[in-house]
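Computed from a predicted structure; not experimentally measured. Every chain is numbered from 1 and lettered A, B, ... according to where its sequence line falls, protein lines coming before strand lines.
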Amino acid sequence: MVAIRLTNTRTRQKEAFQPLDTQNVRLYLCGPTVYERAHLGNARPVLVFDVLVRLLHHVYGDAHVTYVRNFTDVDDKINARAAETGRPIRDITDETIGWYHDDMDALGALRPDHEPRATDYIAQMITMIEQLIRRGNAYDVEGHVLFDVRSFPQYGRLSGRSVDDMIAGARVEVAPYKRDPMDFVLWKPSDDTTPGWDSPWGYGRPGWHIECSAMSEALLGASFDIHGGGIDLQFPHHENEVAQSCCAHPEGSFANVWLHNEMLQVEGKKMSKSLGNFFTVRDLLDRGVAGEVIRFVMLSTHYRKPMDWTEAKANEARDTMWQWRLLVKDVEPAPAPSPEVVEAVANDLNTPGAIAVLHKLKDDPALLLASARFIGLLLDGDDGWMRQDFEVLDERADYQGFDEVLARLQSRLTEIRLQAMASKDFAELDRLKSALTEAGLEVRMSKAGIELFEGPATLQKRVVELAGDIGA
RNA sequence: GGCGGGUUGGCGGAGAGGUUACGCACCGGAUUGCAAAUCCGUGAAGACCGGUUCGAUUCCGGUACCCGCCUCCA
């Protein structure tokens, strides 16, 4: 049995992972608020959990893992988007969920077993809020229901803060109806312009945090194994989830292991709209950066370290994936991944370490393939990007007969070369070769002859023109 | 102000208290009409200051710098 170790944010230590039930390992990832395309940062926790789920499948069996990732489809940002565009909320959320699926599929991420939408769990949220009120952990006032943080002594433990310190920081919203400035909303009133549901506290809608508490309980129970998301969710979102769930179900432990990934940067800076370096997964895909190349870059930095997305990394990843793709062409995967790769992933999801092992498997393409697939790379059918240009789509048409062009070009070049070798005048040949090289074609000349290889940046159109110039 | 993360060779990026990370780049050799590709090989590190230790880049403390969170942003 592979020994999985994970760094648990709750204890701040790397621990041996021990599922509550090896027949049903349960994990929950906080999913997106669905009002716009997923940005690149949104992809990181998805890929971290994807690798984790693949590992758990490997160790405990596909049928013994339950993976839940929610869609937050009730939110003031969505309301704002609806107001701006005049579109119905459901249209916006449905469309965004479709996009999300498309984009995460393109990254090779497995669909979770359950993808609950918050709006389908309003009844469970109301039930949980009622429990919290009954137990003295929440109170309703002026149509709002608030969680009373002072009623939960452990509040702040997950994120390593104390209520008093945070209040001293004084960034909390001061509302007159709050008993304590840190109290957070479980339910709030809605008006005609905002979506709402009938509740014991009037027509209204849930606060952000309660949905994850309600949905994780409904689908995974009051105790489950792993909960995660970006480190920015540690506070307040996850802290508040802990408070809600543990107070509503003192008999449960909620999540045993908390997994948080560090944030994403772009060229050394925080990704933000104001800096102009904000982009979505779809933006990259549309630019021709393949999903598995994005994935490779993401996995080449450990999840607990800040990940810096750079153009240089994307290019290097593309070259590596190209090379691997050529190596495993027409190769059947080995029956099992390399134990070394599994071990690296089992060691707190050390994907950079796993990739280092993959580099060493180049002599064994079948094992390389099986091992790469273990972390979601070189997946079957994901090689379509090799037929597209990376950055210069417009200069490269999709020539159906490009392989034939290459074959003709090769034999014509061979003739020219033979002449050159006879006449000792290589000027023309060298000129042709450098032109082809500049067009992104790899030209290998050996005693055996000339071989031409298409590369990730080959400009097919240019190559075809050059071939025509010399009558190939 | 509070909390947390980071600082490794030219670049990217890991593990491990003592033995080659790995990739890219570079350099040398084989090979080549010249190259490319391939193969072989060399060199190169752990912000700074202390401490623990026979020995630390790896543990502990401090300093500097960078970054994130504390604002329903992953």
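Of all nucleotides listed (B:G5, B:A21, B:A74), B:A21 comes nearest to the side chain of A:Ala356. Counting only heavy atoms from C-beta on, A:His359 has its side chain closest to B:C22 among B:A74, B:C70, B:C22. Of the candidates B:A36, B:C22, B:A74, B:A74 carries the atom nearest the A:Asn42 side chain, counting heavy atoms from C-beta on.
The ring of A:His144 has its center no closer than 6.0 angstrom to the ring center of A:Trp187. Less than 6.0 angstrom separates the ring centroid of A:Phe71 from the ring centroid of A:Tyr100. The six-membered or imidazole ring of A:Tyr28 lies away from that of A:Tyr67, with a centre-to-centre distance of 6.0 Å or more.
Annotation: B:C34 and B:G41 have their P atoms spaced 24 Å apart (nearest Å). Rounded to the nearest Å, the gap between the C1' atom of B:G4 and that of B:A44 is 33 Å. Taking atom P in both B:C66 and B:G28, the straight-line distance is 39 Å, to the nearest Å. If you take atom P in B:G5 and the same atom in B:G15, they sit 15 Å apart, rounded to whole Å. Going from the C1' atom of B:U8 to that of B:G13 covers 9 Å, rounded to whole Å. Rounded to whole Å, the P atom of B:G51 lies 31 Å from the corresponding atom of B:A14. When the P atom is used for both B:C39 and B:G23, the distance is 11 Å, rounded to whole Å. A distance of about 11 Å separates the C1' atoms of B:A25 and B:G12, rounded to the whole Å.
Within the 4.0 angstrom heavy-atom criterion, only backbone atoms of the sugar-phosphate kind lie near A:Gly229; the bases stay farther away. Among the atoms of the strands shown, base atoms are found under 4.0 Å from some heavy atom of A:Leu429. Within 4.0 Å of A:Leu264, counting heavy atoms only, lies at least one base atom of the nucleic acid. At the heavy-atom level, A:Thr72 lies nowhere under 4.0 Å from the strands shown. Residue contacts shown for A:Met421 are limited to sugar-phosphate atoms, with no base heavy atom under 4.0 Å away. Counting any heavy atom pair closer than 4.0 Å across all strands shown, A:Lys433 reaches a base atom. In this structure, A:Asn261 reaches the bases: a heavy-atom distance under 4.0 Å links it to at least one base atom across the strands shown. Residue contacts for A:Arg444: at a heavy-atom cut-off of 4.0 Å it reaches a base atom on one of the strands shown. Residue contacts for A:Glu451: at a heavy-atom cut-off of 4.0 Å it reaches no nucleic acid atom on any strand shown.
The aromatic rings of A:Phe147 and A:Phe184 sit parallel, their planes meeting at an angle under 30°, below the 60° perpendicular limit.
Look at CE on A:Met321: it is 14 Å from C1' on B:G23, rounded to the nearest Å. Between the NE2 atom of A:His237 and the C1' atom of B:C70 there is a distance of 16 Å, rounded to whole Å. Per the geometry, CG belonging to A:Asp430 stands 11 Å off P belonging to B:C34, to the nearest Å. B:G4 atom P lies 7 Å from atom CZ of A:Arg12, rounded to whole Å.
Taking the 5.5 Å centre cut-off and the 30° plane limit, the aromatic side chain of A:Phe426 is classed as stacked on B:G33.
A side-chain donor-acceptor contact under 3.5 Å links A:His238 and A:His260. Using modelled atom types, one finds a donor on one side chain and an acceptor on the other under 3.5 Å when comparing A:Tyr303 with A:Asp348.
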5' to 3', nucleotides 7-14 of chain B under a 4.0 Å protein heavy-atom cut-off (B base, S sugar-phosphate only, - none) gives S----SSS
Could you walk me through whether A:Arg69 and A:Glu115 satisfy the salt bridge (Lys or Arg N to Asp or Glu O under 4.0 Å) test, starting with their C-alpha distance in whole Å, then the side-chain angles of each, then the deciding distance to 0.1 Å, before giving a yes or no? CA-CA 5 Å; A:Arg69 183 181 65 209; A:Glu115 297 185 284; 3.2 Å; yes
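Between A:Arg205 and A:Asp76 there is a salt bridge, since at least one side-chain N of the basic residue sits less than 4.0 Å from a carboxylate O of the acidic one. By the 4.0 Å N-to-carboxylate-O rule, A:Asp183 lies too far from A:Lys178 to be salt-bridged with it. The existence of a salt bridge linking A:Asp383 and A:Lys329 is excluded, since no basic side-chain nitrogen approaches an acidic carboxylate oxygen closer than 4.0 Å.
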Only Watson-Crick and G-U wobble pairs with both distances less than 3.5 Å should count. Give RNA chain B in dot-bracket notation, marking inter-strand partners with |. (((((((..(((.....[...)))..((((.......)))).....(((((..]....))))))))))))....
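Nucleotide B:G62 carries an anti base; the chi torsion (O4'-C1'-N9-C4 or O4'-C1'-N1-C2) is more than 90° from 0.
The nearest heavy atom of RNA chain B to A:Arg417 and to A:His209 marks one nucleotide each, and the one closer to the 5' end goes with A:Arg417.
Annotation: cation-pi geometry satisfied between A:Arg444 and A:Phe453 (NZ/CZ under 6.0 angstrom from ring centroid, within 45° of ring axis).
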